Amino acid sequence: AESEEILVVNKPASIPIHTTGRYRHNTLLKHLESKHSQKLYTCHRLDRLTSGIIVLLKNTHKAKEYGALFRDQQVKKTYLALVDGEFPVTGMSCSEPILQVSHKLGINKVDHENPGRNGHSALIPLL
């Protein structure tokens with residue numbers, strides 16, 4: 001979806017949003033900026049290995065405005081995952097400290113001794 005101020009796209013897994021580390025040219029922003037012939041700005045993040053909706057803004061003022069909505073958790077983000085094996089019918093909740101093990105590989109773990117950031121996930125079965 002696109003308007004004069006915003007561009008919303010479905011990002012595939014494995015492509016980073018912006019230039020980082022070994023990713024210099026094959027990024028979502030580089031591709032879309034080239035296609036639309038204009039600078040685009042992010043207002044939230046989505047890991048390289050995660051697919052999903054990404055909101056891009058066409059000016060810095062709107063990027064800051066929308067970024068504040070995500071930062072202040074006024075926008076609800078939902079992730080879907082396939083689970084192999086048994087999953088509790090009633091769902092479950094996880095509120096544990098998350099430590100980033102490898103930014104490059106997208107690996108995080110629960111770590112009570114060296115907590116990085118607080119995490120909360122509500123897990124519910126869809127089927």
Side-chain angles (χ1 to χ4, degrees):
E2 183 174 7
S3 74
E4 290 182 19
E5 299 176 340
I6 191 169
L7 176 64
V8 179
V9 297
N10 188 8
K11 183 189 93 60
S14 80
I15 186 170
I17 294 173
H18 50 77
T19 301
T20 181
R22 65 183 174 179
Y23 300 97
R24 298 277 179 220
H25 305 288
N26 190 24
T27 68
L28 186 68
L29 278 179
K30 292 278 186 186
H31 174 72
L32 292 173
E33 286 173 346
S34 175
K35 181 178 178 181
H36 292 267
S37 300
Q38 74 177 106
K39 179 81 173 145
L40 297 169
Y41 303 90
T42 60
C43 63
H44 67 100
R45 50 184 309 258
L46 194 58
D47 291 342
R48 178 179 62 85
L49 299 176
T50 304
S51 64
I53 300 299
I54 188 80
V55 178
L56 302 169
L57 287 303
K58 297 180 180 181
N59 66 65
T60 56
H61 174 73
K62 284 294 178 184
K64 288 177 184 177
E65 182 182 319
Y66 278 72
L69 295 174
F70 280 91
R71 184 187 63 245
D72 297 340
Q73 297 181 347
Q74 293 180 24
V75 175
K76 181 181 175 183
K77 295 192 289 184
T78 302
Y79 297 87
L80 299 177
L82 295 175
V83 177
D84 185 24
E86 296 294 320
F87 190 82
V89 175
T90 58
M92 60 188 288
S93 179
C94 179
S95 294
E96 300 288 343
I98 300 169
L99 178 69
Q100 186 173 61
V101 176
S102 173
H103 174 72
K104 183 176 181 181
L105 298 175
I107 299 173
N108 299 302
K109 73 173 188 174
V110 171
D111 191 329
H112 293 280
E113 293 179 19
N114 303 298
R117 64 178 192 266
N118 291 328
H120 177 77
S121 296
L123 310 164
I124 57 170
L126 297 177
L127 300 175

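Note that the structure is a prediction, hence the values are computed from the model and not measured.
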Should the heavy atoms of other residues, nucleotides or ligands under 6.0 Å from CD of Q74 be counted, would the total exceed 12? yes

Heavy-atom count check: over 12 atoms from other residues, nucleotides or ligands less than 6.0 Å from K77 NZ? yes

With rounding to the nearest 0.5 angstrom, report the [atom1] to [atom2] distance, [X] to [Y].
| X | Y | atom1 | atom2 | result |
| --- | --- | --- | --- | --- |
| L40 | L28 | CG | CG | 8.5 Å |
| Q100 | D47 | CD | CG | 8.0 Å |
| T42 | L57 | OG1 | CG | 8.5 Å |
| K30 | I15 | NZ | CD1 | 12.5 Å |
| L32 | I54 | CG | CD1 | 10.0 Å |
| L69 | H44 | CG | NE2 | 11.0 Å |

Please determine if K39 forms a cation-pi arrangement with Y41, meaning its NZ or CZ atom is less than 6.0 Å from the six-membered ring centre and no more than 45° off the ring axis. yes

Hydrophobic clusters here meaning ILVMFWY residues chained together by side-chain heavy-atom distances under 4.5 Å, can you tell me if V75 and V8 are in one? yes

Assigning hydrophobic clusters by single linkage (Ile, Leu, Val, Met, Phe, Trp, Tyr; side-chain heavy-atom cutoff under 4.5 Å), is V9 placed with Y79? yes

Just to verify, what does N10 make a side-chain contact (heavy atoms from CB on, under 4.5 Å) with, not counting sequence neighbours? I53

Qualifying side-chain hydrogen bond (donor to acceptor under 3.5 Å, both in side chains) pairs with a residue from residues 53-71, counting only residues at least two apart or across chains: E2-K58, K62-E65

Of all heavy-atom pairs between P88 and P125, which one has the smallest distance, and what is that distance? O-CG, 3.8 Å

4.5 Å side-chain heavy-atom contact, F70 and R45: no

Backbone N or O of L29 within a donor-acceptor pair of the H18 side chain at under 3.5 Å? no

Main-chain N/O of P16 paired with K11 side-chain donor or acceptor, under 3.5 Å: no

Run the side-chain hydrogen bond (donor to acceptor under 3.5 Å, both in side chains) test against Q38 and tell me which residues pass, sequence neighbours left out. none

